[in-house]
Undergrad: 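Let me begin by handing over the structure; questions about it come next.
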Protein chains: 2
Amino acid sequence: MAQTDVPDVVIGRLPIYLQTLKQLQASGQEFTSSKQLGQKLGIGSAQIRKDLAHFGEFGKQGMGYEVNYLQQQIAQILHADRDWSVALVGIGDLGQAISHYSGFAHKGFHIEVIFDNDPQKIGQNYNGKVIQDFNSIYQILPTQNIKIAIMAVPSTSAQEVAEKLIVAGIRAILNYAPISLTLPSYVKVQSMDPLSHLQQMSYYLDPLT
Amino acid sequence: MAQTDVPDVVIGRLPIYLQTLKQLQASGQEFTSSKQLGQKLGIGSAQIRKDLAHFGEFGKQGMGYEVNYLQQQIAQILHADRDWSVALVGIGDLGQAISHYSGFAHKGFHIEVIFDNDPQKIGQNYNGKVIQDFNSIYQILPTQNIKIAIMAVPSTSAQEVAEKLIVAGIRAILNYAPISLTLPSYVKVQSMDPLSHLQQMSYYLDPLT
DNA sequence: TAGATTGTTAATCGATTAACAATC
DNA sequence: TAGATTGTTAATCGATTAACAATC
């Protein structure tokens, strides 16, 4: 297991390698090459080989990579070869959509607890789970050893909610609130911000149309 | 208006600058500085000044930036100072959540048409809009001059749907399918992939817990 | 004026790309 | 063997950071 620190940007590409390998596997292909992967992803083959080199040697000269083996190896590196318990915070429209989304559970991320702070919602049954009072996170999260949270709360409370989650032991947050969180570096944060993406694209669009 | 090509990575930061300026404005602050913005965003002040320098001079020495003015300028640069019509393709669980989400419309991105290919859904009224047959995109999109699409379709059909959208005149796609699209470079694509983000974070988590 | 902060240039840093010996 | 593709080193490229004169 490579212990020299691997750049964030490399880690960020591993999930898409994994995704692409899964597709190749589904299509029944046994071997692939850095060239083929690069073409599918629109990046250079050298970059893929360099990225993988951080973790070991996974291919054979002249042959390329065995799809199945490389997939397993990358899954292992990402800790995607196991199940993770996840807490969902905020069960408004967005939170409900997230909890419906089956893609997480199928890939090993299971929403085990749902929190909200609305007395109307607390205690209600949602998707087979009782909605818990957000104030009880200190009782619930540590005992269940949950390290990952998905935040679907208003921007106005996002920072405060995040800080409490950290106190409760959360170490990775997938943030759906369109705000930049300021948190200690030992906590990983990834933000989903569709509006930013739309604005980024509209820059390139002809404003006259 | 700066015409020398600005790096993608810079354009990608402008929306978060805009977001932060809106927050400052909401809090009633009239002036800010690259230092303050940098601290809020966890990036260096020099980077912010350098980014802005691509487009002009927006500050005053010793004073910093007028929040309102800088906000307007960045909005203009991003073409976020106008309204855009958007097509939503796919009205399953995810598409429904997206169409409910009010954040887009409030920021100028209006979902004007909804497409699906399920005969059960076509013709039904959803959120005040009649769901259109995806096969009619060639009639509808060009006449309404819609350049932006949000894709919430299965991975298996994403590539094919994207290609048809381009023929119908779409030039920017916000893709929710977890797949890497291969498209001509004159089309901008941004992908929303929560699973990739979760896997990226789980890399850093202690696998033993 | 003195202090602060800009816009910009130069220095540093890191990531991508090209090239190639090794070898399946 | 000849062809293909790896892993890796060296060269290039681009982005971030540091520093500072200009000036509000």
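Every heavy atom of this structure was used, including side-chain atoms; hydrogens, water molecules and symmetry mates were not. Chain naming here is simple, since letters A, B, ... match the order of the sequence lines and numbering starts at 1 in each.
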Undergrad: Any side-chain heavy-atom pair from B:Ile150 and B:Val89 closer than 4.5 angstrom?
TA: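 Not in contact.
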
Undergrad: If a pair means Watson-Crick or G-U wobble with both distances below 3.5 Å, what does DNA chain D look like in dot-bracket form, with | marking bases paired to a different strand?
TA: ..||||||||||||||||||||||

Undergrad: Is there a side-chain polar atom (N or O) of B:Arg49 under 4.0 Å from OP1 or OP2 of C:dT6?
TA: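 Result: yes.
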
Undergrad: I need the CG-C1' distance between B:Asp8 and C:dA15, as an integer number of Å.
TA: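 It is 16 Å, rounded to the nearest whole Å.
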
Undergrad: Rounded to whole Å, how long is the line connecting atom CD of B:Gln61 with atom P of C:dT5?
TA: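 Taking atom P of C:dT5 as the reference, CD of B:Gln61 is at 12 Å.
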
Undergrad: Name the residue closer to the 5' end of DNA chain C, choosing between A:Gly44 and B:Ser34 according to the nucleotide with the nearest heavy atom.
TA: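 Whichever sits nearer the 5' end wins; that is B:Ser34.
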
Undergrad: Should the ring pair A:Tyr203 and B:Phe55 be called parallel, tilted or perpendicular, given that the plane angle runs from 0 to 90° and is split at 30 and 60?
TA: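 Answer is perpendicular, since the angle exceeds 60°.
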
Undergrad: Picking from A:Asn127, A:Ile148, A:Leu88, what satisfies side chain to side chain contact (heavy atoms under 4.5 Å, CB included) with A:Ile111?
TA: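 One option only clears the test, and that one is A:Leu88.
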
Undergrad: Do you see a donor-acceptor pair shorter than 3.5 Å between the side chains of A:Gln36 and A:Thr32?
TA: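 The criterion, which ignores hydrogens and geometry beyond distance, is satisfied for A:Thr32 and A:Gln36.
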
Undergrad: State the CG-CZ distance between B:Asp116 and B:Phe134, to the nearest 0.5 angstrom.
TA: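 Between B:Asp116 CG and B:Phe134 CZ, I get 10.0 Å after rounding to 0.5 Å.
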
Undergrad: Nearest to the side chain of B:Lys50, which nucleotide is it out of C:dT16, D:dT8, D:dT16?
TA: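 Output: D:dT16.
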
Undergrad: Between A:Ala46 and B:Asp51, which residue's closest nucleotide on DNA chain D lies nearer the 5′ terminus?
TA: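 Comparing both residues, the 5'-ward one is A:Ala46.
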
Undergrad: If you assign A:Arg13 and B:Tyr65 each to the DNA chain C nucleotide with the nearest heavy atom, which residue ends up on the more 5' nucleotide?
TA: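 This one resolves to B:Tyr65.
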
Undergrad: Is it true that B:Gln25 and B:Asn68 share a donor-acceptor pair across their side chains at a distance under 3.5 Å?
TA: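 Looking only at side-chain atoms, B:Gln25 and B:Asn68 do form a donor-acceptor pair, the distance falling under 3.5 Å.
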
Undergrad: Which of these nucleotides, C:dA19, D:dC24, C:dT8, is closest to any side-chain atom of B:Lys60?
TA: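 Nearest to the side-chain atoms of B:Lys60, counting from C-beta on, is D:dC24.
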
Undergrad: Between C1' on C:dG7 and CG on B:Leu37, what's the gap in Å once rounded to a whole number?
TA: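 So the two atoms are 15 Å apart, to the nearest Å.
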
Undergrad: Rounded to whole Å, please give me the gap between CG in B:Leu52 and C1' in C:dG7.
TA: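 Distance, rounded to whole Å: 10 Å.
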
Undergrad: Write down the distance between CZ (B:Phe31) and P (D:dC24), rounded to a whole number of angstrom.
TA: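 The answer, rounded to whole Å, is 13 Å.
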
Undergrad: What's the CZ-P distance between A:Phe55 and D:dT6, to the nearest Å?
TA: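 Spelled out: CZ on A:Phe55 to P on D:dT6 is 17 Å.
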
Undergrad: Do B:Asp193 and B:Tyr176 get their side chains close enough for a donor-acceptor pair, meaning under 3.5 Å?
TA: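 No pair is found: no donor N or O on one side chain lies under 3.5 Å from an acceptor on the other.
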
Undergrad: In whole Å, what is the span from the CD atom of A:Glu66 to the C1' atom of C:dC24?
TA: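 A:Glu66 atom CD is separated from C:dC24 atom C1' by 14 Å.
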
Undergrad: Specify the separation, in whole Å, of atom CD of B:Gln47 and atom C1' of C:dA11.
TA: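 B:Gln47 atom CD is separated from C:dA11 atom C1' by 16 Å.
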
